[in-house]
Amino acid sequence: QVQLVESGGGLVQPGGSLRLSCAASGIIFSFYTMRWYRQAPGKQRELVAAITSGGSTNYADSVKGRFTISRDNAKNTVYLQMNSLKPEDTAVYLCNADRYLSTHSLTYWGQGTQVTVSS
């Protein structure tokens with residue numbers, strides 16, 4: 001069975017840092033593009049950051065310069081280092097794994113981890 005399990009969320013003060021982890025199992029992890037999304041209540045789900053199987057990254061403008069996505073293929077884990085956190089970063093952060101094949105695509109989601117930025 002495919003599983004994506006997020007961890008590392010919690011309550012942090014503005015200006016603080018958190019590192020989220022997403023551990024994958026049941027997939028050939030190194031073949032997948034990994035993405036972090038976030039969703040706040042009443043708001044549309046937003047792509048935060050992505051890292052391809054080749055290591056290329058991209059970020060939402062709102063987090064560029066503050067967040068860093070990375071992956072450790074040996075551990076089947078993708079990370080999101082979040083620095084200089086702002087209250088508007090408060091959301092459920094979800095891990096996504098995606099792989100495109102010539103005949104079909106494979107997409108999996110984690111359950112999410114809550115990040116709350118508040119004094």
Undergrad: Hey, what do you get for OH (Tyr79) to CE (Met34), rounding to the nearest 0.5 Å?
TA: 11.5 Å

Undergrad: Verify the distance criterion only: is there a donor paired with an acceptor across the side chains of Arg38 and Tyr93 at less than 3.5 Å?
TA: yes

Undergrad: Donor-acceptor pair, Arg66 side chain versus Ser84 backbone, under 3.5 Å?
TA: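 Confirmed, Arg66 side chain pairs with Ser84 backbone.
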
Undergrad: Taking all non-hydrogen atoms of both residues into account, name the closest pair between Ala97 and Ile27 and its distance.
TA: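 So the minimum-distance heavy-atom pair works out to CB-CD1, 4.1 Å.
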
Undergrad: Do the charged groups of Asp61 and Lys64 touch, with an N to O distance under 4.0 Å?
TA: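 Salt bridge flag = yes for Lys64 with Asp61.
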
Undergrad: Atom OG1 in Thr57, atom CZ in Arg71: separation rounded to 0.5 Å?
TA: 11.5 Å

Undergrad: Does Trp36 share a hydrophobic cluster with Leu106, counting links as ILVMFWY side-chain heavy atoms below 4.5 Å and allowing steps through other members?
TA: yes

Undergrad: Hey, is CD on Glu46 packed in by over 12 heavy atoms from elsewhere, all under 6.0 Å?
TA: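 Yes, the 6.0 Å shell around CD holds more than 12 heavy atoms from other groups.
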
Undergrad: State the OH-CG distance between Tyr59 and Leu80, to the nearest 0.5 angstrom.
TA: 8.0 Å

Undergrad: Could you tell me which non-hydrogen atom of Phe29 sits nearest to which non-hydrogen atom of Asn76, and how far apart they are?
TA: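 Looks like CB-OD1, 3.3 Å.
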
Undergrad: Verify the neighbour count for atom CD of Gln39: are there more than 12 heavy atoms of other residues, nucleotides or ligands below 6.0 Å?
TA: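 Atom CD in Gln39 is crowded, with more than 12 foreign heavy atoms closer than 6.0 Å.
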
Undergrad: Any chance you could measure Leu20, atom CG, to Phe67, atom CZ, to the nearest 0.5 Å?
TA: 8.0 Å

Undergrad: Can you tell me how far apart CD (Gln111) and CG (Leu4) are? Round to the nearest 0.5 Å.
TA: 9.5 Å

Undergrad: State, with a plain yes or no, whether a side-chain heavy atom of Val115 is found less than 4.5 Å away from one of Met82.
TA: yes

Undergrad: Between Ser53 and Thr33, which heavy-atom pair has the shortest distance, and what is it?
TA: N-OG1, 4.2 Å

Undergrad: State which residues pass side-chain contact (heavy atoms from CB on, under 4.5 Å) with Ser119; sequence neighbours excluded, sorted by chain then number.
TA: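 Once residues adjacent in sequence are excluded, the partners of Ser119 under the side-chain contact (heavy atoms from CB on, under 4.5 Å) criterion are Pro14.
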
Undergrad: Do the side chain of Asp72 and the main chain of Val78 share a donor and acceptor less than 3.5 angstrom apart?
TA: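 Looks like no, no N/O pair under 3.5 Å.
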
Undergrad: With rounding to the nearest 0.5 Å, note down the distance linking OG1 in Thr90 to CD in Gln114.
TA: 7.0 Å

Undergrad: Quick test of your reading: applying side chain to side chain donor-acceptor pair (under 3.5 Å), list the pairs with at least one residue in residues 5-30, sequence neighbours left out, ordered by first then second residue.
TA: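 The answer is Ser17-Asn83.
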
Undergrad: Taking ILVMFWY side chains as joined if any heavy atoms are under 4.5 angstrom apart, and letting links pass through other members, which residues group with Leu94?
TA: Tyr37, Leu47, Val92, Trp109

Undergrad: Taking all non-hydrogen atoms of both residues into account, name the closest pair between Leu85 and Leu18 and its distance.
TA: CD1-N, 3.9 Å

